[in-house]
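Okay, so here's the structure we're looking at.
Computed from a predicted model, the values in this text were never measured in an experiment. Proteins come first, then strands; the chains are lettered A, B, ... in the order of their sequence lines, and each starts at number 1.
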Amino acid sequence: MGSMTLLFLTIVIATSVATFLFVRHSARGRVLATTGTRLDQRFHSQPTYHGLFSGGVVAFLTLSTWALGAYVLPLANYAIIAIAMLVAAGIFASLSLRLIHPNFRARNFVEIFIKAGLILCSVLAVLTTLGIILSLLFESLRFFDQVPVLDFLTGLQWSPQTALRADQAGQSGAFGAVPIFAGTFLVMAVAIFIAAPIGLMIAIYLSEYASKKTRAIVKPAIEILAGVPTVVYGFFALLTVGPTIRAFAESLGFAVPTQSAIAAGSVMGVMIIPFISSLSDDVINAVPQSLRDGSYALGATKSETMKQVVFAGALPGIIGALLLAVSRAIGETMIVVMAAGRAANLTGNPFEAVTTVTVQIVALLTGDQEFDSPKTLAAFALGLVLFLITLVLNIIALMVVRKYRERYE
Amino acid sequence: MSDTSIHSSETARKRLRKRHAKEVRFRILGILAIAIAMVSLLWLLISVVGTGYKAFYQHDITMEVVLDETLLDPTGARDPQKLRGANYRRVIQNSLYERFPEVTDRKARQELFNIISTSGAPNFVRQMVYNDPSLVGQTLTIQVPTSDDVDQLFKGNIDRETPEALRKVSNRQIEWVDSLKATGEIKAHFNKRLFTGTDSRDPELAGIASAFVGSAMALGVAFLLAFPIGVGAAIYLDEFAPKNKFIDFIEININNLAAVPSIVFGLLGLAVFLNFFGLPRSAPLVGGMVLALMTFPTIIIATRSALRAVSPSIRDGALSVGASHIQAVFHHKLPLAAPGILTGSIIGMAQALGETAPLLMIGMVAFVTEIPTSVTEPAAALPVQIFLWSDSAERAWAERTSAAIIVLLTVLVVMNGLAIWLRSKLERRW
């Protein structure tokens, strides 16, 4: 198939480029001949547009001949298809010279085509969203055929191994996702607990206290944290932070596993810091200076102004930033896969290993899989939950931020 | 003279001192927050570089190997197939036994063999003989890696003081390798294998070449798809789109896509590209397509801000001398916005390079021992390789993982640096 595709592709490209060059060349002579004549005798379009139009038509003709011959009719003989493509191109190319005419609006056709292409590009964003929703929904529905939705959303036990043989004991496969949701929430809470105060204080310091020079150095330095790939954070959590926490806990007389909610959550918190700080920074800067000046005039110190006036004014925006951070923390994968563990514990203790939605999706879909088993379909159900939660969080956050912006405009 | 003003009474002064102390504390909290973030970043970098730099050198052993004809090619036919299947392990073992003739019992000889890379050395000689069968019968001087445990011993990661039973290297082995080191037969070299080698079960042989090529291919595919589509969509939305509900819907969509968790894109790729369209698993082509879907919202957002930064007078000027709208945009506005678009796209690509989760979903976790030559062949990607290696507990693997991370971070720094340089070099201000 490879060499045939290559041949057809070569025909398409060669014929359309040749037509483009040929028509442009022919048009150029005629366009030049009419310069300086009366306006209604001059050409509407430049030679290049005549060339582009004809070349485009040839590309369309050869491509549709190819599609017709190879996929619609299926013709076994590839030589016939190739010849048909060449004939189609040849017939149009010979006719195309008749189209070179002062009144022929080649440019308009070409521009309509370009515009259609641009529209197609923007529609792809919608198609991607549609693709995500449809594929998640479709696979989830198949999963819910086998496991009731209520069992999935309220069940307390998660052990997705399904029986390989009917007589196997203890391998029934339980798909109660509550421990997973709890684990996700726990890791997210640890991350936000660390990132929110630090990120906020950084934003406040940079927008209210720091000199221009300090800001110019510190802000990009903080942004580096956002540029480090998550797999690197995961490795850091696994190799350095987890063992450090364990050693520290052991010195206090506790036993903490290397993989724990606190290890994953704290590293994730560090990752989210720049996210919160830059969003809050924007929000704090958007609070009108007049509010600050009013507060200073009443004798308030800078920190009092910050805490009681600016913060109160910026609160909706900061909440929006936090919601976006929560959505980011819930969807984060690699850190938790590497550092949070795989056991589905239903616990509120951050010093234990927990599992999250993203970890389970990875666990269910890597390694050997047969596609129709509830085990792999469960990953899509989890993905649907993840997508919906982050979608709702994002929409609320964007709405809050937009409302807040309007307040000061 | 006594001041009776309520602002200068003792209680008022106390209150003011308290408020000022609070002010100082608040400020310190801000500095502390910045310090915590910076220390975390430093800690991460130091922990990675501190573990990883040791993987950039490796201990090799130089040995004389007699390519005994009676052992390798008893018939003398030099049949390539037979040569390939011959017992090179024995050849290496013989060479080692000759070097240490005092070692005679079976167990000790096994230990002796284990000081070198047990699968790497025979393969190395096999490849040499396969390339040049006339070598059979001659004596070769080869340089092969020591086993990862010996390497770790010399790097100081295996403590010589630990009791022998708990140590991965036995007392005898330490004695042998120390004597080899003293004669210069074991030497530390720059670890070229890390860059030219592919994935392997043995840490001393593993390299990132296949993952690097896989990543480059996936990124290339992602760029070829996401760049034109992203720029096209941005131009349409900014220049030609009418104001209506559908366009609003598209804009909301794009903003949302930028915030969808990356693993969801992986699920999309698995369900649509692999299961529906039947594209090959583990291929950089599919990886690139998934990464393209992820980065194209980023490129759209960057392109739009770059287009907005171009003064409207440019477009108006073009329109006023008779250019069509499309000509005004493509001939005049786009070239001026190009630096901004390029910068944004490079940063988007850098993000895509570090992305791991969606690639796991489409199966780019395969154990790949060959450098892929086309985008439809199975391949790993650099971040996925890091993830796979990090799973192994051995110290040598942690070292390799860190080294791979150093390479990944270096590439990211170069890409971001390039973006910043381009912006400062090409940017125009009005």
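For a residue to count as touching a neighbouring chain, one of its non-hydrogen atoms must lie under 4.5 Å from one of that chain's; by this rule A:Leu238 touches chain B with the side chain only. Heavy-atom distances place the side chain of B:Leu257, and not its backbone, under 4.5 Å from chain A. At a 4.5 Å heavy-atom cutoff, the contact between A:Ile204 and chain B is made by side-chain atoms alone. Residue contact with chain A, scored on non-hydrogen atoms closer than 4.5 Å, involves the side chain of B:Phe265 exclusively. With a 4.5 angstrom heavy-atom cutoff, A:Val110 does not touch chain B via any of its atoms. For B:Leu44, the parts sitting under 4.5 Å from any heavy atom of chain A are the backbone and the side chain alike. Interface remark: A:Leu206 contributes side-chain atoms only to the contact with chain B (heavy atom separation under 4.5 Å). Both the backbone and the side chain of A:Val126 come within contact range of chain B, each with at least one heavy atom under 4.5 Å from a heavy atom of that chain. Heavy atoms of A:Thr244 lying under 4.5 Å from chain B belong exclusively to its side chain. Neither the backbone nor the side chain of B:Glu239 comes within less than 4.5 Å of any heavy atom of chain A. The contact between A:Thr358 and chain B is made by backbone and side chain atoms together, counting heavy-atom distances below 4.5 Å. Using a 4.5 Å cut-off between heavy atoms, B:Trp389 makes no contact with chain A at all. With a threshold of 4.5 angstrom between heavy atoms, A:Ile222 approaches chain B through its backbone and through its side chain. For A:Leu324, no part lies near chain B; criterion is any non-hydrogen pair under 4.5 Å. If you measure heavy-atom distances from B:Ser402 to chain A, the contacts under 4.5 Å come from both the backbone and the side chain. Proximity to chain A involves both the backbone and the side chain of B:Ile34, based on heavy atoms less than 4.5 angstrom apart. Only the side chain of B:Ile405 comes within contact range of chain A, with heavy atoms under 4.5 Å apart. If you measure heavy-atom distances from B:Leu41 to chain A, the contacts under 4.5 Å come from both the backbone and the side chain.
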Going through the checks in order, is the side-chain contact (heavy atoms from CB on, under 4.5 Å) test met by B:Phe26 and A:Lys302?
CA-CA 9 Å; B:Phe26 193 68; A:Lys302 243 183 172 174; over 6 Å; no
Working for side-chain contact (heavy atoms from CB on, under 4.5 Å), residues A:Leu136 and B:Val264:
CA-CA 9 Å; A:Leu136 290 181; B:Val264 172; 4.1 Å; yes
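Taking the side chain to side chain donor-acceptor pair (under 3.5 Å) definition, one finds that B:Asn157 meets it with B:Lys54, B:Gln152, B:Glu399, sequence neighbours left out. Residues passing the ring pair (Phe, Tyr, Trp, His ring centres under 6.0 Å) test with A:Tyr209, sequence neighbours excluded: A:Tyr205.
Between B:Arg19 and A:Glu304 there is a salt bridge, since a side-chain N of the basic residue sits under 4.0 Å from a carboxylate O of the acidic one.
The number of heavy atoms from other shown groups lying within 6.0 Å of CZ (B:Phe367) is above 12. B:Glu251 CD: more than 12 foreign heavy atoms inside a 6.0 Å radius. For A:Tyr296, the OH atom sits in a packed shell: over 12 heavy atoms of surrounding residues, nucleotides or ligands are nearer than 6.0 Å. Heavy atoms of other residues, nucleotides or ligands lying less than 6.0 angstrom from CZ of A:Arg328 number 12 at most.
Among the residues in residues 347-358 of chain B, those with a non-hydrogen atom closer than 4.5 angstrom to a non-hydrogen atom of chain A are B:Gly354, B:Thr356, B:Ala357.
Here A:Ile132 is the residue among A:Ile132, A:Ile114, A:Val270 with the most heavy-atom pairs under 4.5 Å with chain B. Comparing B:Ile235, B:Ile386, B:Asn256 by heavy-atom pairs within less than 4.5 Å of chain A, the highest count is held by B:Asn256. Across A:Met338, A:Lys307, A:Met334, the residue that shares the most heavy-atom pairs under 4.5 angstrom with chain B is A:Met334. The residue among A:Gly131, A:Gly383, A:Gly227, A:Ser122 with the most heavy atom pairs within less than 4.5 Å of chain B is A:Ser122. Between chain B and the options A:Ile273, A:Leu225, A:Thr390, heavy-atom pairs under 4.5 Å are most frequent for A:Leu225. If you tally non-hydrogen atom pairs under 4.5 Å between each of B:Leu237, B:Ile254, B:Thr401 and chain A, the highest count goes to B:Thr401. With chain A as the partner, the residue from B:Ala241, B:Ser262, B:Gly269, B:Gly30 showing the most heavy-atom pairs under 4.5 Å is B:Gly30. Contacts with chain A were tallied for B:Pro261, B:Pro297, B:Ala398; B:Pro261 has the most, counting heavy-atom pairs under 4.5 Å. For the options A:Ala125, A:Ala210, A:Gly331, A:Ala195, heavy-atom pairs under 4.5 Å to chain B are most numerous at A:Ala125. Between chain B and the residues A:Ile361, A:Leu393, A:Val218, the most heavy-atom pairs under 4.5 angstrom are made by A:Ile361.
Nearest heavy atom pair, residue B:Phe387 against residue A:Val337, reads CE1-CG1, 3.6 Å. Here the closest non-hydrogen pair linking A:Thr240 and B:Ser47 is OG1-OG, 3.0 Å. The two residues A:Val231 and B:Pro383 have their closest heavy-atom pair at CG2-O, 3.6 Å. Contact detail for A:Val362 and B:Met361: the closest heavy-atom pair is CA-CE, 3.7 Å. Of all non-hydrogen atoms in A:Ala379 and B:Leu267, the two that sit nearest each other are O-CD1, 4.2 Å. The heavy-atom pair separating B:Pro228 from A:Cys121 by the smallest distance is O-SG, 4.3 Å.
Here salt bridge (Lys or Arg N to Asp or Glu O under 4.0 Å) pairs that include residues 26-40 of chain B, with residues two or more places apart or in two chains, number zero.
Looking at B:Glu23, its side chain does come within 3.5 Å of a backbone N or O of A:Ser303 through a donor-acceptor pair.
Taking OG1 of A:Thr129 as the start and CG of B:Leu293 as the end, the distance is 10.0 Å to the nearest 0.5 Å. With values rounded to the nearest 0.5 angstrom, A:Tyr49 atom OH is found 5.5 Å from B:Ser324 atom OG. Between the CG atom in B:Asn253 and the CG atom in A:Leu124 there is a gap of 10.5 Å [rounded to 0.5 Å]. Note that the CG atom of A:Leu382 and the CD1 atom of B:Ile263 stand 9.5 Å from one another [nearest 0.5 Å]. Distance check, rounded to the nearest 0.5 Å: OG1 of A:Thr376 to CG of B:Leu270 gives 8.5 Å. To the nearest 0.5 angstrom, A:Ile198 atom CD1 is 4.0 Å from B:Ile36 atom CD1.
For the pair A:Leu239 and B:Ser390, the minimum side-chain heavy-atom distance is 4.5 Å or more. Side-chain contact between A:Thr301 and B:His20: present, with at least one pair of heavy atoms (C-beta onward) separated by less than 4.5 Å. Side chains of A:Glu111 and B:Phe330 form no contact here, defined as non-hydrogen atoms less than 4.5 Å apart.
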